[in-house]
Undergrad: 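Would you mind keeping the following structure in view while I ask a few things?
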Amino acid sequence: MLESILPGHAHDVAPRLLGAVLRVRGVAVRLTEVEAYGGPGEDPGSHTFRGKGRRNATMFGPPGHLYVYFTYGMHWCANVVCSPEGEASGVLLRGGEIVEGVELARRRRASARRDAELARGPARLTVALGIDGADDGAALDGAEHSLTLLRTPIAGYATGPRTGVSGPGGDATAFPWRFWLPGEPSVSPYRPHVPKRRG
DNA sequence: GAAATGATCGTCT
DNA sequence: GACGATCATTTCA
């Protein structure tokens, strides 16, 4: 299943993940929004741009695994490692619709007003699914984690600049590697990158 | 609706 | 020591 699209460059794999279902310990999302991130020296917006480090080691491993990282001192975000071992490109899971385990997801995301907000945004998605640092490196064909592709690729999708990414000169448009399903309420709003000011 | 703001810490410089 | 692949809340229109 997964091996039909992996390994491959994140940029090619990303649109194939739209509509796919990620299931983690009883809660499942149908992905509606993803972003691709390139490898070392290729994509300044990618965690792997400056090579292998402690945090991004999973990205340099084999494809078909989860790369989970902690950011802003409080949020977890999840990626699917796409490229062959050593190339380190991946797809950030930014949003989706809960299609299984909605009750549990609602409990984890108590502040969500509508179900569409349960997994609208990368950090919200990990909370809804119960993903944290312990899931970093998990294979996506296991009992606790699985990724099921559509039989046929999605008919149409949209592309655009990545959210919250600053390239050289703050240019998020250099790599328009954000992919989403138009009209889906679980797609997160676009937010340009804003440098944090000191206090 | 849109915009501003504080929270909070691991990682890299 | 600075800052980030963010979110919830508050404030204003």
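Naming convention: chains lettered A, B, ... in sequence-line order (proteins, then strands); numbering from 1 in each chain.
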Undergrad: How long is the gap from CG on L93(A) to CG on L147(A), to the nearest 0.5 Å?
TA: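 Going from CG on L93(A) over to CG on L147(A), the span is 8.0 Å.
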Undergrad: Nucleotide by nucleotide, 5' to 3', does protein get under 4.0 Å of the base (B), only the sugar-phosphate (S), or neither (-) in nucleotides 8-13 of chain C, counting heavy atoms?
TA: S-----
Undergrad: Taking salt bridge (charged side-chain N to carboxylate O under 4.0 Å, His left out) as the definition, give me every residue that meets it alongside E3(A), ordered by chain and number, with sequence neighbours left out.
TA: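 Here no residue qualifies.
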Undergrad: Please give, in whole Å, the distance from dA5(C) P to R162(A) CZ?
TA: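 Taking atom P of dA5(C) as the reference, CZ of R162(A) is at 10 Å.
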Undergrad: Would you write the dot-bracket representation of DNA chain B, where each base gets (, ), [, ], | or . depending on whether it forms a Watson-Crick or G-U pair under 3.5 Å and with which partner?
TA: |||||||.||||.
Undergrad: Provide, to the nearest angstrom, the distance between the CD atom belonging to E33(A) and the P atom belonging to dT6(C).
TA: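 Interatomic distance, CD of E33(A) to P of dT6(C): 10 Å.
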Undergrad: To check you understand the geometry: which heavy-atom pair defines the closest contact between G96(A) and S186(A), and what is its length?
TA: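 Here G96(A) and S186(A) meet closest at O-CB, 3.1 Å.
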Undergrad: With respect to the side chain of F70(A), which nucleotide from dA5(C), dG10(B), dT6(C) is positioned closest?
TA: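 Nucleotide nearest to F70(A)'s side chain: dG10(B).
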Undergrad: Sequence neighbours excluded, which residues qualify as ring-ring contact (aromatic ring centres under 6.0 Å, His included) partners of Y37(A)?
TA: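 With sequence neighbours excluded, Y37(A) shows a ring-ring contact (aromatic ring centres under 6.0 Å, His included) to no residue whatsoever.
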Undergrad: Starting from P on dG4(C), measure out to CZ on R50(A) and report it in whole angstrom.
TA: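 Nearest whole value for this atom pair: 12 Å.
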Undergrad: Reckon H193(A) has a side-chain N or O less than 4.0 Å from the OP1 or OP2 of dA5(C)?
TA: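 No, no such contact exists.
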Undergrad: Send over the distance from Y72(A) OH to dA2(C) P, rounded to a whole Å.
TA: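 Rounded to the whole Å, the gap is 17 Å.
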Undergrad: To the closest 0.5 Å, what do you measure between CZ (R108(A)) and CG (L129(A))?
TA: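 Reported to 0.5 Å precision, the distance equals 7.5 Å.
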Undergrad: Taking C-beta and beyond as the side chain, do L22(A) and V24(A) meet within less than 4.5 Å on heavy atoms?
TA: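 Yes, at least one pair of side-chain atoms sits under 4.5 Å.
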Undergrad: Would you sort out whether E33(A) and S188(A) count as a side-chain hydrogen bond (donor to acceptor under 3.5 Å, both in side chains), showing the intermediate values?
TA: CA-CA 8 Å; E33(A) 182 189 1; S188(A) 67; 2.9 Å; yes
Undergrad: dA5(C) C1' sits how many Å from F179(A) CZ, rounded?
TA: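 From F179(A) CZ to dA5(C) C1': 15 Å.
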Undergrad: For P122(A) and for V194(A), locate the closest nucleotide of DNA chain C by heavy-atom distance; then report the residue assigned to the nucleotide nearer the 5' terminus.
TA: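 Comparing both residues, the 5'-ward one is V194(A).
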Undergrad: First locate atom CD of E35(A), then atom OG1 of T159(A), and finally report the distance between them rounded to the nearest 0.5 Å.
TA: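 Answer rounded to 0.5 Å: 11.5 Å.
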Undergrad: In this structure, how many angstroms lie between the P atom of dC12(B) and the CZ atom of F49(A), rounded?
TA: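 So the two atoms are 15 Å apart, to the nearest Å.
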Undergrad: Just by distance, no angles: are the side chains of N56(A) and T48(A) close enough, under 3.5 Å, to form a donor-acceptor pair?
TA: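 Per modelled atom types, N56(A) and T48(A) side chains form no pair under 3.5 Å.
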Undergrad: Please report the distance, rounded to the nearest Å, between OH in Y67(A) and C1' in dT11(B).
TA: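 Taking OH of Y67(A) and C1' of dT11(B), I get 10 Å after rounding.
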Undergrad: One pair to check against side chain to side chain contact (heavy atoms under 4.5 Å, CB included): R94(A) and L125(A). What are the steps and the verdict?
TA: CA-CA 7 Å; R94(A) 290 197 54 90; L125(A) 184 146; over 6 Å; no
Undergrad: Does dA5(C) have OP1 or OP2 under 4.0 Å away from a side-chain N or O of H47(A)?
TA: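 Indeed, a polar side-chain atom of H47(A) lies that close.
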Undergrad: Which of residues 87-96 of chain A have a heavy atom under 4.0 Å from DNA chain C?
TA: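 Within this stretch, L92(A), R94(A) sit under 4.0 Å of the strand.
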Undergrad: So, Y69(A) and dA5(C): ring centres less than 5.5 Å apart, planes less than 30° off, yes or no?
TA: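 Base of dA5(C): not stacked against Y69(A).
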Undergrad: Can you tell me how far the CZ atom of R55(A) sits from the NE2 atom of H47(A), to the nearest 0.5 Å?
TA: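 Answer rounded to 0.5 Å: 4.0 Å.
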Undergrad: Listed in order of residue number, which residues of residues 51-59 of chain A have a non-hydrogen atom at under 4.0 Å from DNA chain B?
TA: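 Heavy-atom cutoff 4.0 Å gives G53(A), R54(A), R55(A).
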Undergrad: Any idea how F70(A) and W76(A) line up, ring-wise: parallel (<30°), tilted (30 to 60°), or perpendicular (>60°)?
TA: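 Ring orientation of F70(A) relative to W76(A): tilted.
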Undergrad: Tell me: CE of M74(A) to C1' of dC3(C), nearest whole Å?
TA: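 Going from CE in M74(A) over to C1' in dC3(C) covers 12 Å.
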Undergrad: Is there a donor-acceptor contact under 3.5 Å linking the side chains of H11(A) and E42(A)?
TA: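 No, because no side-chain N or O of H11(A) sits under 3.5 Å from a partner of the opposite role on E42(A).
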Undergrad: Give the C-alpha distance, both sets of side-chain angles, the deciding distance and a yes or no for salt bridge (charged side-chain N to carboxylate O under 4.0 Å, His left out) between R120(A) and E184(A).
TA: CA-CA 10 Å; R120(A) 187 176 70 172; E184(A) 292 283 345; over 6 Å; no
